[in-house]
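These notes are about the structure you will find just below.
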Amino acid sequence: MAVYALVDCNNFYVSCERAFNPALEGKPVIVMSNNDGCAVARSAEAKAIGVGMGEPAFKLRHLVDSHGLIMLSSNYALYGDMSERVMSVLATFSPGAEIYSIDECFLDLDGMPVDNLTAWSQQVRATVRRWTGIPVSVGIGTTKTLAKLANRLAKKSKKANGVLDLSRDARWIEAALKQTPVGDVWGIGRQYAALCGVNGIRTAFDLTLQPDGWIKKTMGAVGLRTVMELRGTPVHTLDTAPSDKHTTCCSRSFGASVTEFEQVHDAVMTFASRAAEKIRGEGLVSGAVQVFAYTDRFRPDQPQFSLNSMIRLSPPTSSTPHIIGAALKGLKSAWRDGYEYKKAGVIMLDLVRPEDIPRDLFSPPPESGARPTALMAAVDGINGKMGKGAVGFGLVPDDAPWKMRCSNRTPSFTTSWDDIPVVKA
DNA sequence: TCTGGGGTCCTAGGACCC
DNA sequence: TCTGGGGTCCTAGGACCC
């Protein structure tokens with residue numbers, strides 16, 4: 001029988017910040033999205049004073065004075081590094097581990113020589129906490145969806161103390177399903193939750209009682225798989241070797257909206273350059289680049305416009321100048337004056353390993369464009385040694401108006417020599 | 001003044017072919 | 001009079017996830 005654990009870090013970004021700044025313990029703390037736009041992680045104390053997930057930062061400023069809310073800019077270098085540490089600890093507990101997101105990991109517990117999974121899970125929690133400083137919760141179930149559901153309840157219940165094992169007792173599973181609002185099920189988002197509500201389906205348990213035909217019709221094949229998993233039939237297996245990405249994207253909202261072509265041009269050039277670095281880092285080449293830019297959707301009083309353009313890359317490449325050239329060509333062809341642009345981005349499509357490029361009689365040999373050139377290798381090498389942006393193509397001024405706002409970022413404690421904390425005697 | 005970024009999968013519909 | 005149908009490929013859009 002399949003048994004899965006889902007280990008999920010509590011309030012992960014806030015917990016990372018607390019690991020290096022214990023003064024944040026016990027206080028309402030949030031971490032904001034890029035551009036300091038909205039709350040993406042909240043401490044328990046912040047949730048308690050009513051801070052919602054995704055709530056815009058400007059609506060929260062008053063809580064700084066009234067409740068001592070601490071609002072931090074996001075520090076992805078720190079979170080990425082802390083995530084690797086947590087995952088490497090978890091890997092010591094089970095040979096089968098799937099890193100599902102920056103703060104979640106599925107473990108395969110099938111055939112583990114453990115008779116008390118709750119006690120074992122408490123040991124996992126204690127070890128991760130001691131070795132990394134990050135608090136985690138553990139949910140266990142016979143399907144991934146049930147493990148997710150167990151994890152959510154493990155976090156909510158004081159009695160559970162961070163661990164809930166739903167793998168043994170059918171009555172517990174039923175009780176858990178009845179306690180879970182249908183919208184909190186993994187795979188049931190806003191739209192499907194609303195559809196369920198209209199049809200009188202309130203809990204996960206209600207959902208398991210619906211006929212397959214109705215589920216398939218209203219929530220598609222994906223929805224049906226979710227319900228099968230809720231009923232205890234495993235559909236999703238552990239994926240320990242994630243396959244290569246098919247697309248990758250580099251996009252940002254601008255710190256301030258811009259109207260001039262030159263500004264959007266510079267932003268697109270920067271994003272294209274980063275996107276190229278990213279795919280080289282994963283050993284991939286791209287067969288097409290898509291560029292987009294659009295106006296501020298939160299300003300209905302302003303004229304709205306969205307531009308979008310795709311340029312094929314033949315042969316597929318990861319070379320920065322080729323990719324920048326294509327992205328700018330796309331931007332030029334779709335550009336329209338007279339709008340306040342608020343966001344732009346570059347998407348790399350049709351990613352493949354160079355050796356897997358489909359070839360025909362007329363394809364040039366792969367060496368001529370598919371592999372990173374010596375120049376690209378040198379650029380990446382220098383940036384690896386000297387720091388990001390030491391050398392590059394089309395570098396733009398730091399004070400460009402479209403650049404991100406980020407007023408309250410903590411140091412990169414674990415990934416930058418200059419930022420390593422110093423212990424004072 | 002101020003609302004994130006990066007992914008996946010599925011489905012419907014159109015173009016095209018025989 | 002009678003006006004096919006099945007397959008494939010591609011794209012756009014919509015749902016979901018963290």
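The basis for the numbers below is simple: all heavy atoms, side chains too, and nothing from hydrogens, waters or symmetry mates. Here is the naming used below: chain letters follow the sequence lines, and residue numbers restart at 1 for every chain.
Counting non-hydrogen atoms under 4.0 angstrom, A:Lys59 reaches nothing in the nucleic acid. At the heavy-atom level, A:Ala57 lies nowhere under 4.0 Å from the strands shown. Nucleic acid contact for A:Ser74: none, since no nucleic acid atom lies under 4.0 Å from a heavy atom of the residue. Residue A:Asp296 is classed as having no contact, given no heavy-atom separation below 4.0 Å to the nucleic acid. Within the 4.0 angstrom heavy-atom criterion, only backbone atoms of the sugar-phosphate kind lie near A:Arg190; the bases stay farther away. In this structure, A:Val185 reaches the sugar-phosphate backbone alone: every heavy-atom distance under 4.0 Å involves primed, P, OP1 or OP2 atoms, never a base. Residue A:Glu104 is classed as a sugar-phosphate contact, given heavy-atom separations below 4.0 Å to backbone atoms only. Residue-level contact check: A:Ile102 touches neither bases nor backbone, having no heavy atom under 4.0 Å from any strand. Residue-level contact check: A:Arg274 touches neither bases nor backbone, having no heavy atom under 4.0 Å from any strand.
Set against B:dG7, C:dA15, B:dG4, the side chain of A:Ser33 has B:dG4 as its closest nucleotide. In this structure, of B:dG5, C:dC17, B:dT8, it is B:dT8 that holds the atom nearest to the side chain of A:Thr247. For A:Arg225, the listed nucleotide lying nearest its side chain is B:dC9; candidates were B:dG4, B:dC9, C:dC17. Which of B:dT11, C:dC17, B:dG4 sits closest to the side chain of A:Tyr100 comes down to C:dC17. Checked against B:dG4, B:dG7, C:dC16, the side chain of A:Cys249 finds its nearest nucleotide in B:dG7. Side-chain proximity of A:Ser101 to C:dC18, B:dG7, B:dT3: nearest is C:dC18. Residue A:Gln191 has its side chain nearest to C:dC16 when only C:dC16, B:dT11, B:dC2 are considered. Here B:dC2 is the nucleotide among B:dT11, B:dC2, B:dG6 with the atom lying nearest to any side-chain atom of A:Arg299. If you check C:dC18, C:dA15, B:dG4 against the side chain of A:Tyr192, the one that comes closest is C:dA15. The side chain of A:Arg252 lies closest to B:dG6, out of B:dG6, B:dG4, B:dG7.
Summary of the strand contacts: A:Asp36 and A:Asp244 both lie near DNA chain B, and taking for each the nucleotide with the nearest heavy atom, the more 5' one is attributed to A:Asp36. Comparing A:His246 and A:Lys342 along DNA chain B, the residue whose closest nucleotide (by nearest heavy atom) sits nearer the 5' end is A:Lys342.
Atom CH2 of A:Trp335 has more than 12 heavy atoms from other residues, nucleotides or ligands within 6.0 Å.
The distance between atom CD of A:Glu229 and atom C1' of C:dC17, rounded to the nearest whole Å, is 14 Å. Rounded to whole Å, the distance from CG on A:Asp184 to P on C:dC18 is 11 Å. Between A:Met71 atom CE and B:dG4 atom P there is a gap of 13 Å when expressed in whole angstrom units. Rounded to whole angstrom, the span from the CG atom of A:Asn34 across to the C1' atom of B:dG7 amounts to 15 Å. Atom pair A:Ile30:CD1 and B:dC2:P shows a separation of 18 Å (rounding to whole Å applied). Between the CG atom of A:Leu195 and the P atom of C:dA15 there is a distance of 9 Å, rounded to whole Å. Between the CG atom of A:Leu60 and the P atom of B:dT3 there is a distance of 13 Å, given to the nearest Å. Following rounding to the nearest Å, A:Ile279 (CD1) and B:dG6 (P) show an atom-to-atom distance of 15 Å.
A salt bridge links A:Asp212 with A:Arg231: the closest approach of a Lys/Arg side-chain nitrogen to an acidic carboxylate oxygen falls below 4.0 angstrom.
An OP1 or OP2 oxygen of C:dC16 is reached within less than 4.0 angstrom by no side-chain nitrogen or oxygen of A:Lys148. Under 4.0 angstrom from either OP1 or OP2 of B:dG6 there lies at least one side-chain N or O belonging to A:Ser251. For B:dG5, the OP1/OP2 oxygens have a side-chain nitrogen or oxygen of A:Lys343 closer than 4.0 Å.
At a threshold of 4.5 Å between non-hydrogen side-chain atoms, the residues A:Leu60 and A:Glu55 count as touching.
Under 3.5 Å, the side chains of A:Arg225 and A:Thr145 contain no donor-acceptor pair of N or O atoms.
Smallest separation of non-hydrogen atoms from A:Ser43 and A:Arg18: CB-NH2, 3.4 Å. Of all heavy-atom pairs between A:Ser286 and A:Leu351, the closest is CB-CD2, 3.6 Å.
Pairing for C:dA15 is with B:dT8, a Watson-Crick or G-U wobble pair whose two hydrogen-bonding atom distances lie under 3.5 Å.
Look at the C1' atom in both C:dC17 and B:dG4: the space between them is 15 Å, to the nearest Å.
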*asked:* Evaluate A:Arg85 against A:Asp81 for salt bridge (Lys or Arg N to Asp or Glu O under 4.0 Å), listing each step before the verdict.
replied: CA-CA 7 Å; A:Arg85 297 181 186 205; A:Asp81 185 64; 3.2 Å; yes
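Here the side chain of A:Thr270 pairs a donor or acceptor atom with the backbone of A:Asp266 at under 3.5 angstrom.
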